[in-house]
> 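What follows is a structure written as structure tokens; I'll ask about it next.
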Amino acid sequence: MVKIGVLALQGAVREHFNAIEAVGATAIEVKHQEELQDIDGLVIPGGESTAMRKLIDYDDLMPALQRFSLSGKPMFGTCAGLILLANKIIDENKTHIGAMNVEVKRNSFGRQINSFEALLDLKGIGNGFPAIFIRAPHIVRVGANVEILGEYEGRIVLARDGQYLGCSFHPELAEDTRIIEYFVHMVEESKRSILAQLKNVL
Amino acid sequence: MVIQTGTERVKRGMAEMQKGGVIMDVINAEQAKIAEAAGAVAVMALERVPSDIRSAGGVARMADPRIVEEVMDAVSIPVMAKVRIGHKVEARVLESMGVDYIDESEVLTPADEEFHLLKSEYTVPFVCGCRDLGEAARRIGEGASMLRTKGEPGTGNIVEAVRHIRKVHAQVRKVANMAKDELMTEAKMLGAPFEVLLEINRLGRLPVVNFAAGGIATPADAALMMELGADGVFVGSGIFKSENPEKFARAIVEATTNYQDYKLIAEVSKDLGIPMKGMDISKLSQQDRMQERGW
């Protein structure tokens, strides 16, 4: 069984926890850098990205998160988590973890009164996924080798760049577990290949 | 493709994203920026903070839309604003401005002493205060997407917020453990909608996020409320009435996230200057107790 960490500083931590456990993986709360060592993948949940970034800095977690992002282990960012993962943010001159080769726009569907639900058809995941968008960002541009998995009215809302999965909406708020299952598969594959590499070394 | 705005999931979900965070009262753009920079998850745009509402007296109303607009333009985090209990027009005005969350609040002078807003009719989500599960469930029944304890606002005294969160949680635990055939009588006793109790019974918790509010004056107060099971905290008069708001705001944010890290709370609590003086609740007359407003 794979162990998946959930960055537990602020936001929809409990929902991701429940979703991970519902599909048979083990969820681990990550608040300190030590907790990053023992996990096979990491979810960065939805919340407020500016607040989450502050909390990362207050705990001096950023170097450890960036090291984790280079370890080959999968990372999944939803909403605020996508903003933290992206390597470019429109109208801002700084990035956060900056690992995923996508450019994102914050609050790109408007304020809370414009937040919405829609059923989306997602590549590799299936049709009719209930996507809940809350003051959501979207992916404006993707780099080479980034696979677009979902779009809404021409805007990219789900994409995969190697071990990174980024999502504008909140699969953890829906009862549909297909996206989290997709991520758990990414983590299982990565764990297998890391173990295979270790065996080769030995 | 079916697209829906203002659904229960979208409105309740917005509050889920605020969990573990601090929502700060601000009265202008400058304070809003300080709050955002300190790590607030949202700001509450007000004309006066509760302690000033207390000392000013008279009728407290929705803030000047100019102030709300100024705050909305200043920050990228969500902006909340308060309306008087039952004031449909204030609520529609704030909704039309695109405010992210409305607090139907006992801090303002009620516009209706019998009825609250039917919050399910709005696209914008609402937060409401509660002192016990009956109130909490009635507000959820009306469509509130988030709750907060009432506490006793603007006093700098945590005692009422503690009382309210303990009461609500004790009652939630009781309902969660009840047999289904006991729920209707419990609904009658609490004055709570049966459907909301069914949902609590099924989930084993409140169906919406519940923050602490009303009297949080120090980082340790914020951590105490988290320890008692609050999902996050509202800090009203405390921050911008303190000597060093930047430092104070950051200290509250850190203590809320790391509420069981007592060494850290000790560290961030150093040299914060003089906190709000605080009031003895028992010295407040009945009509000065804001928590009594709401029905």
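Order of the sequence lines sets the chain letters (A, B, ...), proteins ahead of strands, with each chain counted from 1. Please read these numbers as outputs of a predicted model, since none were measured by experiment.
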> Decide if atom CD of A/E175 counts as having more than 12 heavy atoms of other residues, nucleotides or ligands within a radius under 6.0 Å.
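No.
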> For A/L55, is it the side chain, the backbone, both or neither that has a heavy atom under 4.5 Å from a heavy atom of chain B?
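Interface part for A/L55: side chain.
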> For atom CD of B/E227, decide whether the heavy atoms of other residues, nucleotides or ligands shown that lie under 6.0 angstrom number more than 12.
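Enclosed.
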> What parts of residues 74-81 of chain B touch chain A if we use heavy atoms and a cut-off under 4.5 Å?
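Within residues 74-81 of chain B, near chain A: B/S76, B/I77, B/P78, B/V79.
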> What option among A/E15, A/R135, A/E172 has the most heavy-atom pairs under 4.5 Å with chain B?
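Highest number of heavy-atom pairs under 4.5 Å: A/R135.
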> May I ask you to check whether over 12 heavy atoms, not counting those of A/D91, lie within 6.0 Å of atom CG?
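No.
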> If you count heavy-atom pairs under 4.5 Å between each of B/K11, B/M72, B/E36 and chain A, which one has the most?
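Winner by heavy-atom pair count: B/M72.
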> Less than 4.5 Å to any heavy atom of chain B: does that hold for the side chain of A/R53, its backbone, both, or neither?
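Contact with chain B: none, neither part.
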> Is A/I113 close to chain B through its backbone or its side chain, or both, or neither, when contacts mean heavy atoms under 4.5 Å?
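The answer is both parts of A/I113.
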> So which part of B/R12 gets closer than 4.5 Å to some heavy atom of chain A, the side chain, the backbone, both or neither?
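Answer is neither: B/R12 stays 4.5 Å or more from chain A.
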> Is it the case that more than 12 heavy atoms not belonging to B/K247 sit under 6.0 Å from its NZ atom?
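More than 12 within 6.0 Å, yes.
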> Would you confirm whether the ring centroid of A/F169 sits within less than 6.0 angstrom of the ring centroid of A/Y152?
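A/Y152 vs A/F169: aromatic centres not under 6.0 Å.
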> Determine, step by step, whether A/I156 and A/V102 satisfy the side chain to side chain contact (heavy atoms under 4.5 Å, CB included) criterion, reporting the C-alpha distance in whole Å, the side-chain angles of both residues, the deciding distance to 0.1 Å, and the verdict.
CA-CA 10 Å; A/I156 303 165; A/V102 294; over 6 Å; no
> So, using salt bridge (charged side-chain N to carboxylate O under 4.0 Å, His left out) as the criterion, who are the partners of B/E121 when residues are at least two apart?
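Per chain and number, B/E121 pairs via salt bridge (charged side-chain N to carboxylate O under 4.0 Å, His left out) with no residue.
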> Do other residues, nucleotides or ligands put more than 12 heavy atoms under 6.0 Å from the CD atom of A/Q66?
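Buried by this count: over 12 neighbours within 6.0 Å.
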> With sequence neighbours excluded, tell me which residues meet side-chain hydrogen bond (donor to acceptor under 3.5 Å, both in side chains) with A/S115.
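Only A/Q112 meet the side-chain hydrogen bond (donor to acceptor under 3.5 Å, both in side chains) criterion with A/S115.
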> Looking at B/P125, B/A40, B/G232, B/A15, which makes the most heavy-atom pairs under 4.5 Å with chain A?
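When all of B/P125, B/A40, B/G232, B/A15 are compared, B/P125 has the most.
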> Report which part of A/N114 has an atom under 4.5 Å of a heavy atom belonging to chain B: side chain, backbone, both, or neither.
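Contact with chain B involves the backbone of A/N114 alone.
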> Going by side-chain hydrogen bond (donor to acceptor under 3.5 Å, both in side chains), name the residues that satisfy it together with A/T78, two or more places apart in sequence or in a different chain.
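Scan of A/T78 (side-chain hydrogen bond (donor to acceptor under 3.5 Å, both in side chains), adjacent residues dropped) gives A/H16.
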